[in-house]
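Quick notes on the structure that follows.
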Amino acid sequence: MAYGNNITEILYGGDYNPEQWPEEIWQEDMRMLKKAHINMVTLNVFSWAALQPDENTYCFDKLDRIMEFVRENGLKVCMATSTGAHPAWMAKRHPDILRTDADGKKRKFGSRHNSCPNSPTYRLYAARLASELAKRYKDYDNIVAWHISNEFGGECHCENCEKAFREWLKEKYGTIEEMNRCFYTDFWGHTFYDWDEVVLPNLLSEHMEWDGQEKTMFQGISLDYRRFMSDSMMECFKLEYDAIKKEMPDVPITTNLMGFFKLLDYQKWAKYMDFISWDSYPQPTDGPAVTALNHDLMRGIKEQQSFVLMEQTPSVTNWHPYNRLKRPGEMRLLSLQAAAHGADAIQFFQIRRGIGACEKYHGAVIDHAGRDDTRVFREVTALGEELQTLGDAFLEGRTPSETAIVFDWDNWWAVEYSAGPSVRMKYLDAIRDYYAAAFEQNIPVDIVGVEDDISSYKVVIAPLLYMTKTGYADKIRAFVEQGGTFITTYFSGIVEEHDLVLPGGYPGELKDILGIWVEENDALPEGEENAFIYEGNQYPADVLCDLMHLEGGAKSISVYEKDFYQGTPVLTKNHYGQGTAYYVGTRSNAEFYRHFLKNIFQEAGVEPVMVTPEGVEAAVRENEKGRTLFLLNHAVDSKQVVLDRNYVDLVSKKEYRAGEKLELKGKDVVILSAR
Ligand code: GLA
Ligand code: ZN
């Protein structure tokens, strides 16, 4: 389990910064945390400058007092390493730690999450600090996990990074000829004869701004830069990881991720993390499906294991353009939605609101009033009580999914680096189209990577799988042959992992499985649409229309209604082996995806968790204690849910019979155990 096997309760707490406060306040904090049923704190997230005043001096006095104090008060600790923001003196004396932007501008000291990941200074001192901390605090048995740095991200274009990039390429390609082949440097005569001729792809070299987006003229090298930057930061993570493991081999280590964060290949990172934790800050306009999808991605990157909700705001953020308050009940709803999708711990940023700098208006458990009778504090307390009652009922519980959606970071980068066919083609839109349709029908979905085993699923959906990595088509082929249902969409199967087109007609190696070949792709500008009719309903064809031909036994289910390709297939079905493969040659609207997937799920025998009224989400976790059902009313009005079997409410202990109606108030959640 996330926080280790001996944890038998839901850990509840968050980022706590007592170093910003006089010690008298600490006592008051403890009184309030106890009242709120908070049982853990994340400490030491941003204290590097305080802990290390120069190259060779460490001063842990204050942290010692904090650690003692927190232990005396019975709190568990998620211990951060503080390396998310380097000290000012370090930047002044060792400027290699400062990043260089994509336009060649060298940064000065300031902000955070901004150390060059290939800086020898950063690597040396970050790993050393992690090691010093681990040596000092290894006997604290209330440390339940280590939290390395904070929200790794960004990128660097400095000379150290450029040198490291060349090494990375050498290691990957072995010969310059192979690199030239993969980068397709015969185009525009960009052939390299020496590794040192390679420069970073950025706004000074191969990149340009194009319709507000950064695009590249050579996708191969740009993709490799993304991979290299992600690897460079992962290397920093690993250096600290190893330093801590040496002292405390049994305590799990994480770093806080950010859901669909484009710059880091979290599927790769997850292999080196003991458990996944992530920070969820949905925009007020994000619907429940968007948040659920993020949770499912975070569960999916590490073999569908449970994770930690490392941060969420109890009430409000400070960095959205409009920092709307979470309405009464909303914080509880979002917390329990995280639990429903795999979270074993619920934590906040932050415990006490600071009084200065840019996060002073960010929500906190204890706000500026410092009182325990605020709306937010009361809601935090009520949730704490509820989580305590739930105990370990669903801890480590798995999501029983029969449907998987494929998501791949390389593909994300490649689709959006692609010069053509359309700037409107967004990978996440394509993922969300299908996910939302399943979500609204209470169909549990696993988000899987291309390396994951898919043989146990009934339905696998790979939206906009532009890049088909070597061997992936075989995995899909075997899945469909053995009876699986596979769906893919427009602009899929086009390139291999270097972004080189697989010639012979699109979708490359997937053609035989789908029984089609695509000849052209028509990109529609905003406001222009084609259409198609599916089971009597007309739906829009938007963004991209693939013009395709049937081959072998595939059937056309629907055709385009307009334009010179009117009457040609847009939606096809092919029986292949024991299974079925569908191709959806365009982007449509939410009604279409709901309609289409409803049929697919029925045909493939995929059952919803439960049938609920609109706005009510039903999600399940299963562990050795049984099946826990979460009913979450995302709507503001009350809803009646007809229960499918006997249940007991895990909090109120109320019993329900199958067929009984359960009344769920607006924004309310009930957690039931199947009997
Ligand atoms: C991030 C960071 C925190 C804090 C919050 C504010 O998630 O990790 O340090 O800045 O955002 O929302
Ligand atoms: Zn750098």
Side-chain angles (χ1 to χ4, degrees), residues 14-17 19-20 41-48 78 80-86 91 94-102 104-107 111-123 126 147-168 199-200 202 204 225 228-233 235-236 254-259 261 263 277-284 294 298 308-321 323-324 326 331 334 347-354 356-365:
D15 280 27
Y16 179 45
N17 303 307
E19 64 280 356
Q20 295 175 16
V41 285
T42 301
L43 292 177
N44 199 42
V45 186
F46 288 106
S47 300
W48 197 348
C78 173
T81 61
S82 274
T83 54
H86 52 242
H94 306 275
D96 67 283
I97 203 168
L98 297 166
R99 282 189 192 171
T100 299
D101 291 342
K105 208 166 54 211
K106 174 106 177 158
R107 309 289 305 197
S111 192
R112 63 171 177 175
H113 304 152
N114 54 0
S115 312
C116 165
N118 289 297
S119 145
T121 304
Y122 182 69
R123 290 192 171 190
H147 171 306
I148 291 178
S149 193
N150 191 68
E151 294 189 337
F152 279 98
E155 60 189 47
C156 183
H157 297 266
C158 75
E159 279 183 11
N160 278 326
C161 285
E162 196 157 71
K163 281 187 203 137
F165 184 48
R166 292 179 189 135
E167 291 306 313
W168 187 94
V199 298
L200 294 176
N202 55 35
L204 299 175
Y225 173 74
F228 156 75
M229 235 333 109
S230 176
D231 282 2
S232 298
M233 290 189 200
E235 199 48 44
C236 296
T254 193
T255 180
N256 48 344
L257 307 182
M258 294 175 278
F261 179 70
L263 298 186
S277 67
W278 90 280
D279 302 344
S280 178
Y281 292 97
Q283 296 277 355
N294 270 289
M298 293 291 92
V308 164
L309 179 64
M310 186 61 85
E311 294 180 22
Q312 65 167 339
T313 175
S315 55
V316 74
T317 55
N318 67 295
W319 50 271
H320 289 157
N323 296 290
R324 197 168 189 272
K326 284 185 177 169
M331 180 278 288
L334 287 168
Q347 298 169 206
F348 299 108
F349 180 88
Q350 50 193 336
I351 297 290
R352 186 182 273 276
R353 228 178 219 210
C358 71
E359 287 181 342
K360 61 181 171 301
Y361 302 125
H362 192 290
V365 172

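This chain uses plain numbering: 1 for the first residue, then up along the sequence. Whatever order the structure lists them in is the order used to number ligands and atoms, beginning at 1.
When only modelled atom types and interatomic distance are considered, Asn160 and Ser119 share no side-chain donor-acceptor pair under 3.5 Å.
Shortest non-hydrogen contact noted between Pro284 and His320 is CD-ND1, 4.0 Å.
Counting heavy atoms under 4.0 Å from ligand 1, residue His362 touches it through the side chain alone. Only side-chain heavy atoms of Glu359 come within less than 4.0 Å of ligand 1; its backbone N, CA, C and O stay farther off.
Counting only heavy atoms of the protein, atom 2 (C) of ligand 1 lies nearest to Glu311 OE1, 3.4 Å.
When the shell of 6.0 Å around CZ of Arg107 is examined, it contains 12 or fewer heavy atoms from other residues, nucleotides or ligands. Heavy-atom contacts from other residues, nucleotides or ligands closer than 6.0 Å to CZ of Phe46 number more than 12.
Contact check on Glu162 versus Arg166 returns a salt bridge, with a Lys/Arg side-chain nitrogen under 4.0 Å from an Asp/Glu carboxylate oxygen.
Checking each of Leu309, Asp15, Thr42 against Gln347 for a side chain to side chain contact (heavy atoms under 4.5 Å, CB included) leaves exactly one that passes, namely Thr42. The one candidate from Arg99, Glu235, Glu155 that meets the side chain to side chain contact (heavy atoms under 4.5 Å, CB included) condition with Pro117 is Arg99.
Those atoms of ligand 1 with a heavy atom of Phe46 less than 4.0 angstrom away are 9 (O). Annotation for ligand 1: atoms under 4.0 Å from non-hydrogen atoms of Glu151 are 1 (C), 2 (C), 7 (O), 8 (O). Per-residue contacts place Asn150 under 4.0 angstrom from the following atoms of ligand 1 (heavy atoms of the residue considered): 2 (C), 8 (O), 9 (O).
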Mind running side-chain hydrogen bond (donor to acceptor under 3.5 Å, both in side chains) on Thr317 and Asn323 for me, showing each step along the way?
-> CA-CA 6 Å; Thr317 55; Asn323 296 290; 2.7 Å; yes

Applying side-chain contact (heavy atoms from CB on, under 4.5 Å), run through Glu151 and Phe261 and close with a yes or a no.
-> CA-CA 10 Å; Glu151 294 189 337; Phe261 179 70; over 6 Å; no

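Taking a cut-off of 2.8 Å, the protein N, O or S atoms nearer than that to the Zn ion (ligand 2) are Cys116 SG, Cys156 SG, Cys158 SG, Cys161 SG.
For Phe349 and His362, the distance between ring centers is under 6.0 angstrom.
Between Thr317 and ligand 1 there is no heavy-atom distance shorter than 4.0 Å. At least one heavy atom of Arg112 sits under 4.0 Å from some atom of ligand 1.
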